[in-house]
Amino acid sequence: MRKLTRNTIIGGAVAAAAIGFTSIPASAVTGVDISAPGASSPSNAITGVNAGNVTAKDNSTGAAITCSKGTASGTSKIGTNLPLAGVATVSSLALSSPANPSGWCSGPVGITVQVTASNFPWTMNVTGVTASGVTPGQLTGIKASIVGSDNCHATVAGPGGAGGTISGNYNNSTHNLTTGGVGSTSNLTVQTVDANCDPTLINAGDSISLNGAFTITPSAPATGPLTINSHT
Amino acid sequence: MLANPRRVVRGATVTALLASAGLLAAVRVASADIGAEMTYLCSSRDASYKVTADIAAKVPSTARVGQPVHLGEVGIRLRLPEALRASASQRSALPQGAQRASAEDVTGTATIAVTISQQGQSVDAAWPAFGLSSNADSAANVGPLVLQGSGAVPALVTDGTGVVAWKAGPMRLRLSGMNSADGGGILSCTPTSSMALGQVRIGAGATTAPQQKQPSSNAKPATTTGVNTDCTEEPASTDPGGGMNPDPSLSPPPFPEGTNPGRLGRLRPGQPRCSKSAGFANLGKLNAALPFAAQVRFRLNVQSQSDFAHNYFRSYTYAHTAAVPSTGNALGFGFMPIKSTLETTQVAPPGGTSDTANIYSDAPINQYGQPAQFRGAGYLRSYVQLKVGGVSVNGTPMNLGDKCRTDAIPLDLKVDLGDDSTGRSGLQDGGTYTGRVTVPEFKQCGTGEDLSPLLNAMSAGTSNYVKIEAAQWCDPTNMIEPFCDQQPEPTTYSIVPGGTIQARIAPFTFQGPAGGDHNGAGDDDTDKWVTPQIRCDSATFKFDFKKGHYISKYFAGRVTDAHFTGCVRTPGDVPQEMKASGLPWGANLKTSADTGDLTMSIAGIYWEAAGADGCDLHFNNISDSYDGDIAGTIQGIGLDVKNDRMSFAGVTSGLQVGFQTACQRAGAGYVPSAPWSVVGDMNYKPHQKITSP
């Protein structure tokens, strides 16, 4: 039985992203085609539900926050040869772990954490060509704040406190918008922490990665899944 | 799902109780309820039981100095676990031919130490023993045994204004139906919940008040200790009285093998927490067990150090313990009936100045991080002092004075926090603390004659087993649940008969998320929203559960084998070889505080489904870095112990497709992180009686 390595599985996406950033410059991509059965130009509302856990990890200390439930809403453009920037927006994101007290997400060492995303809408851009149905992209404008059961208050954003950016991809087969994993990038950093925050777990300036997959479903009038392809 | 039969609306309980006691007609208009539903930990010679007690009475809503405050008749209603009745009937000490006690057979008496306090002064309320008999609801020989009774209690007269409060204390329970061979059916009961019964405000009276400066009843002074077992915030590490105990004898244990943590992090205030704990300490020389109940106040994680590479975290926490005096009965030298009250007090080490207890815990940094190779543990290190009083030998009081105590005794208890295979718990989840303590010699016992040698001959010098169940920690600041105004109680289980359990589900259905190209015909095909499933003719799981009473909710059992037969993956009806690995898996129990429903979680799971089409699916959990596999956990499996079923309907977390998967199928159900879940219920046998406690 042939086994693929996990790197291959993650993505096709990662490989495609690498191709997009190196072999074929993103600038070579002139536009993007986005469609969904029943949807019409210029846009269609979308919702996202997590496929598996969603995690945010402090890359300096190794501490992670894991949420078992995630829901998002937003809008996707519909059309042909659309600009690469702003192909979709995210207008809300809610993260939780219903099995935990108060539904807070699971933090490190038994701490539970309330995560609040902010600075909406976030914007999704296409950054490379579609390969094997996987289109690389990035999500920008990300800010969030956290409160831990240890009463630690912290904020996360991009450089200088502006909205941050993470890389990701959309898979036409699974209809998953995936961030993180091998080869992914993030410029999110911890902006502030208070005196209750354990320095063993989180410090100002620590870089943060965001990992997770959301299955995207277009709302009515769309009747089928979203398909994204770089325009050729 | 089973509803918790013990969850009874308190108002209804009290009303029913008063009605059954014939009290309603006697209630005066200007009166108010006092009473409470309380929990006790009751110990016989060799086992402990959780008993709930409803005490209810009526008092005038106001009262005057110098005038008697009549409570009239007081009603009491006790709910005894079935294990207590069953246990008594199973004792080898029962005479031949003795029958299991039926509810109709069981009568008894309950003597409750109630104190009355006003302005810091306390007296014994001198409540008499209550006669108890079973009620009609308890006629069947199954389920809890309910006993109830009522009686008049002395009136109270006080010479000062202000609030007078009633508070219940330890209880002595004698059950006549339990056969005299079982230590006379006598149980010593230590309160494990708030014991406040109620209060009344005393106003200035028209009559001349007595000259005494404390409330009085027709009773002797009580042996109250001033122990405050309420949940109050432990001082922060930066406040007076806060901080870890610096005494070298309370230093942390070595780090787990293979870990290499960095330097100790900055000192922080830490978070206040409280936990109720209950358990017992054996007294080897007396062949007896002394109940123990306490409120423990913590400052959680004031310092820490970690080893990122090995997913390891050590946390530093400190605590103070307020223990309730416990009264126990035993046979001195094997024949002499002895009753005594023991007070356990946290004290400073010899030569030390801080009486703080240090707690160190070893745990993974991340629950979903890389596999951790060490076993989690918590270590409680402190010193305690034992003070004994209220001793009577063969019914004759023995005056030991008020200085009869030991020197400081080192106490080193450990709680197992599990590993990746059993599932892991944290300090705040509570758990079972165990250790051994050697009772040193008591000193200064006796007022005239030195009675220390006699006491030491019966108790000192042996190594004694200590087992304490800590409840889930609560937050007195009400920021994170559970809040301390609804403080959780320690939870343990009785599992009878325990041992091997075979659980079977037929057919077995395991399904993933919809979406994708299941038949390989391309994404435009109509199968894109089909839900992938693996269906087996049957699946059989072999459990090995602990047996007996007082079993911790964590690591109550394990799964030792799992077999799947006749499996196919749909769509496509692709034959599958389904197999389990990573065995044994851990099985943990949990009772919902809201619904009383009993659920089980299974940890340590790895499943693999190898398809005839070359699609090899692995199911477990994936790491928080989204780049590796870790053991899977299924939480929230409903346990219907009446019908011998395990239900996956309420499952709150399942398994995910792992990164070891090698599958050419393009579909949402076949990529890493895709959630799959079991559908249906399992039947198991043999029948298990699982109750708490």
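We name chains A, B, ... by the order of the sequence lines, and we start the count at 1 in each one. Predicted model only: the values in this text are computed from it and were never measured.
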First locate atom [atom1] of [X], then atom [atom2] of [Y], and finally report the distance between them rounded to the nearest 0.5 Å.
X	Y	atom1	atom2	answer
Trp104(A)	Glu481(B)	CH2	CD	9.5 Å
Thr55(A)	Tyr368(B)	OG1	OH	11.0 Å
Ile65(A)	Asn366(B)	CD1	CG	9.5 Å
Phe308(B)	Leu201(A)	CZ	CG	11.5 Å
Asp627(B)	Asn211(A)	CG	CG	8.0 Å

For [X] and [Y], which heavy atoms make the closest approach, and how far apart are they?
X	Y	value
Ala99(A)	Gln635(B)	CB-OE1, 4.0 Å
Thr200(A)	Gln305(B)	CG2-C, 3.9 Å
Ser673(B)	Ala213(A)	OG-CB, 4.2 Å

Side chain / backbone / both / neither for [X] at chain B, heavy atoms under 4.5 Å:
X	result
Ser102(A)	both
Ser60(A)	backbone
Asn171(A)	neither

Within the structure provided, determine whether [X] and [Y] are in side-chain contact (heavy-atom separation under 4.5 Å).
X	Y	answer
Asn53(A)	Ile622(B)	no
Arg268(B)	Cys197(A)	no
Tyr626(B)	Thr179(A)	no

Considering residues at least two apart in sequence or located in another chain, which fulfil the ring-ring contact (aromatic ring centres under 6.0 Å, His included) criterion with Tyr316(B)?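 In terms of ring-ring contact (aromatic ring centres under 6.0 Å, His included), with neighbours along the sequence ignored, Tyr316(B) is linked to Tyr360(B).
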Measure [X] against the heavy atoms of chain A and call it side chain, backbone, both or neither at under 4.5 Å.
X	result
Leu300(B)	neither
Pro269(B)	side chain
Arg273(B)	side chain

Scan Asp150(A), Asp198(A), Asn196(A) and name whichever one has a side-chain hydrogen bond (donor to acceptor under 3.5 Å, both in side chains) with Asn301(B). Asp198(A)
Can Asp624(B) and Thr66(A) be counted as having a side-chain donor-acceptor contact under 3.5 angstrom?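 Checked: Asp624(B)/Thr66(A) side chains show no N/O donor-acceptor pair below 3.5 Å.
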Could you give me the CA-CA distance, side-chain angles and deciding distance for Ser149(A) and Gln271(B), then say whether side chain to side chain contact (heavy atoms under 4.5 Å, CB included) is met? CA-CA 8 Å; Ser149(A) 58; Gln271(B) 297 310 303; over 6 Å; no
Winner by heavy-atom pair count (cut-off under 4.5 Å) against chain A, out of [options]:
options	value
Pro675(B), Gly376(B), Ser625(B)	Ser625(B)
Pro261(B), Ser306(B), Ala363(B), Gly426(B)	Ser306(B)
Ser623(B), Ser361(B), Ser304(B), Gly369(B)	Ser304(B)

Gln138(A): which residues meet the side chain to side chain donor-acceptor pair (under 3.5 Å) condition with it, sequence neighbours left out?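 Counting only residues at least two positions away or on another chain, Gln138(A) forms a side chain to side chain donor-acceptor pair (under 3.5 Å) with Asn125(A).
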Partner chain B: residue of Pro101(A), Pro108(A), Gly62(A), Pro98(A) with the largest heavy-atom pair count (under 4.5 Å): Gly62(A)
